[in-house]
Amino acid sequence: MKISELSPEYRQPPPHAGLLTDLNRVVADVEAFDTSDSSSPEKLAADLRRLLTNLASAASSSSGLDGAFRVKVWHLGFRLWNACVDRANHSFPPSRVAVAEAEIRQAAPELLLVAGLPEDIPNASAKAASFFHRTGLVWLDLGRADLASACFEKATPLVSAADTEGDRAVLLDLNLSRARVASIAGEQALAVALLSRSKPLAAGSPEGIKALAEEYLRIGQAALATKPPDPAIDASNLLTEALDLCEKAAASPTTPTTPGSTPATSNLQVIKDQCLRFLAVERLEANDYGGTLRCISVWRTSLGLGEEHPSIGFMALRACLGSGNLAEAERELETLMANARAPDFVCVSAAEMYLASTGPDAAFKVLVALAARCRAGAAGAAVRVLKKVVETAGGGTGRARAIAELASDERVVKLFDGPANSHERNTMHALLWTCGTEHFYAKNYDIGADLIERSMLYVSRDEESRSRRTNCFRVLCLCHMALRHLDRAQEFITEAEKVEPNIHCAFLKFKILLQKREEDEAIKLMKTMVGYVDFNPEFLTLSIHEAVACKSVRVAIAALTFLLGLYSAGKPMSMTEAAVLRNLVALLLREPGSEAEILKYSRRAKLRMAELGMEAVCGKGTVGLCERNWFAVNAWNMAIKMAKEKKYDYCTEFFELAAELFSKVAFGFSDL
């Protein structure tokens, strides 16, 4: 009897048949796309890990795995891989199970690795390594560089001999991916070493050369951004290497050389353009402006008649300004402005940079170009440009006048029309106001007045802007007063009163009338000050000082007399009543024939002291005593003076007043 004729219960199953059955079942579940809990990605990944452990134990056992079993495992591994590809294409895994899906995918190359390399399967090592490589890329996309690196490390020994073309292609891909992971981990030296090791592998393949160039470009960009301390990791060298590889790939006989003939050619040109772009950036950061311009020249030549990226013109402008070639910088700015791809903010930044070197003389032309270019945000662009002009103009009067002329040009002012530009209008006013007040404090009154007056072009006439307009008129008034343009100053303060009448405007007008020697008008105005809502008695004190400074004794006396009326009304005052009376008497002493007035106010001082007490009228302590003594001494001196002038009636009255005052002080005639 033959073995095949035995009943099934007497046949011996093949070794590890149960393992194959379980593996086949799990692979079928992966292929089934079942979303039930029993077939969740996490459950499938756990089942595959268990089966891989069992399979590894079987492979290391004494019986091992025979050839037929290995082939069956490989077939199941391929089925599992294809199922994972289908699941990924079907967008099966939401983000929460992406890790489990990657674990399922990694089980496929792990099965192949445990099963070994059957002779019946062609290029088995390259296929297993390729699966590991592609799984590593999935892990890399998930941000797990550690697991990606582990996949690449498992794959590398499988193809390290590089015996076949397939092995060399996979080994190149592995080296490039390992270099990327090393770069992410900050191990730039290892990344560069892996790229150098890849050059022989890429030599025979234009696509391989292109991929190597991409990685050199990627690591060159990273070196440019991070500036590693290792001098061997030089961004310029890495980018140059990438550019040389692009040239080799383009010169390869298997690569089409007609521009735009295939996607490969187009991609190669993109890599080359990026290399030139970052080389230009690197040279610009090194202040090698000539090198920057050479990179840009090659870049533009390679573009031909195509539309250039705005960054080209921006870097060219910076390089021209850095080398001091302002004429070429102007041409680059015009080219950038004409580039439809250039965002408005890039054009504005370029204009700011250009004007920082040229100053306000070229600002008008730039502003007109910006107005045409930045139609939606022309006002904002104008503010930024003018701000840069003001910042770089310095304190020179010539440049300040140029700024004033620029800001007041009707084409520039028109950019700020409309309610949508209210913020920009306010900013523009503040800019000119600040510049004008700086010149005012520097005593450049004519320049300050010019800038302040131009700033009013950006102040609305609505209710909210009343205070701002009033302040402008007041500062303009002060500027023209300092320049002795009194009529012009009076015009401005009159305009200020029309907008917002207040005590500040009245006081300035009072000062102008004093300087114009219109004393009657000044006295009349001073008497109306108390009627202002924001009146403060301090303004009367200031009026007295101004009158004394202008040698207008008559106005000063009138101010002091008016101020005394406030003491009678019981208003709180900062100056003592005795001090006011003393100043009044002192001024009257300058006026001939004022004996009666002097006697009148001296008696008032004595009377107020008697009514309110010395401290209430003269102040406390030594200061108060000195005030009272002053009136006593002055009455004594006036009595002697009247005696010399034979005005005996006044002499008698002053002596009597002096006696009354001296009777209340702490010392007698012998101490005088």
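This one's a predicted model, so the numbers in the text were calculated from it and none came from an experiment.
A salt bridge links Asp487 with Lys516: the distance from a Lys NZ or Arg NE/NH1/NH2 to an Asp or Glu carboxylate oxygen falls below 4.0 Å. Between Glu282 and Lys227 there is no salt bridge, since no side-chain N of the basic residue sits under 4.0 Å from a carboxylate O of the acidic one. The residues Glu330 and Lys365 are annotated as salt-bridged, a charged nitrogen and a carboxylate oxygen being separated by less than 4.0 angstrom. A salt bridge links Glu405 with Arg454; the closest basic N to acidic carboxylate O contact falls under 4.0 Å. Ion pair Glu285/Arg318 not flagged as a salt bridge, since none of the NZ, NE, NH1 or NH2 atoms sits closer than 4.0 Å to an Asp/Glu carboxylate oxygen. A salt bridge links Glu332 to Arg300: at least one charged side-chain nitrogen sits closer than 4.0 Å to a carboxylate oxygen. Salt-bridge check for Glu241 with Lys248: failed, with every basic side-chain N at 4.0 Å or more from each acidic carboxylate O.
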(message) side-chain contact (heavy atoms from CB on, under 4.5 Å) for Ser236 and Phe278? Distances and angles first, verdict last.
(response) CA-CA 9 Å; Ser236 180; Phe278 286 105; over 6 Å; no
(request) Run the numbers on Arg384 and Ser349 for side chain to side chain donor-acceptor pair (under 3.5 Å), then give the verdict. (result) CA-CA 8 Å; Arg384 285 183 58 182; Ser349 297; 3.3 Å; yes
(request) Please assess Val192 against Leu238 for the test side-chain contact (heavy atoms from CB on, under 4.5 Å), listing each intermediate value before the final yes or no. (result) CA-CA 8 Å; Val192 173; Leu238 292 167; 3.8 Å; yes
(request) List the steps and the verdict of side-chain contact (heavy atoms from CB on, under 4.5 Å) for Asn426 and Tyr458. (result) CA-CA 7 Å; Asn426 292 339; Tyr458 300 92; over 6 Å; no
(message) salt bridge (charged side-chain N to carboxylate O under 4.0 Å, His left out), that's the test. Do Lys498 and Glu495 meet it? Break it down for me.
(response) CA-CA 5 Å; Lys498 291 178 183 177; Glu495 289 297 321; 3.4 Å; yes
(request) Evaluate side-chain contact (heavy atoms from CB on, under 4.5 Å) for Leu326 paired with Ser357, printing each intermediate quantity in order. (result) CA-CA 8 Å; Leu326 297 182; Ser357 298; 4.2 Å; yes
(message) Working note: Ser149 + Asp146, criterion side chain to side chain donor-acceptor pair (under 3.5 Å); need CA distance, chi angles, decisive distance, verdict.
(response) CA-CA 5 Å; Ser149 181; Asp146 54 337; over 6 Å; no
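Residues Phe473 and Glu497 have side chains not in contact (no heavy-atom distance under 4.5 Å, counting atoms from C-beta outward). Counting heavy atoms from C-beta outward, Phe152 and Leu137 have side chains that approach closer than 4.5 Å. Using a 4.5 Å heavy-atom threshold, the side chains of Leu514 and Val555 count as touching. Under the 4.5 Å side-chain criterion, counting only non-hydrogen atoms from C-beta, Cys320 is not in contact with Tyr354. Tyr216 has its side chain out of reach of Leu239: every pair of non-hydrogen atoms, C-beta onward, lies at least 4.5 Å apart. Leu140 has its side chain out of reach of Ser177: every pair of non-hydrogen atoms, C-beta onward, lies at least 4.5 Å apart. Taking the side chain as every heavy atom from C-beta outward, Asp534 and His504 approach each other to under 4.5 Å. Val281 is not listed as a side-chain neighbour of Leu284, based on a closest heavy-atom distance of 4.5 Å or more.
Using the six-membered ring where Trp is involved, Trp433 and His429 have ring planes that are tilted, between 30° and 60° apart. Between Phe492 and His480, the angle of the ring planes stays under 30°, which puts this pair in the parallel group of the 30/60° scheme.
Separation of atoms CG (Asp273) and CD (Glu308) is listed at 11.0 Å; rounding is to 0.5 Å. Taken to the nearest 0.5 Å, the CD1 atom of Ile493 stands 14.0 Å off from the CZ atom of Phe510. Here the CD atom belonging to Gln490 is positioned 6.0 Å from the NZ atom belonging to Lys509, to the nearest 0.5 angstrom. The structure places CG of Leu406 at 15.5 Å from CZ of Arg401, a figure rounded to the nearest 0.5 Å.
Looking only at atom types and distance, the side chain of Asn471 has no donor-acceptor partner in the side chain of Arg468 under 3.5 Å away.
Between Ala179 and Ala191, the shortest heavy-atom contact is O-CB, 3.4 Å.
No donor-acceptor pair under 3.5 Å is formed between the side chain of Asn175 and the backbone N or O of Leu195. A donor-acceptor distance shorter than 3.5 angstrom exists from the side chain of Asp462 to the backbone of Ser465, with no hydrogens or angles considered.
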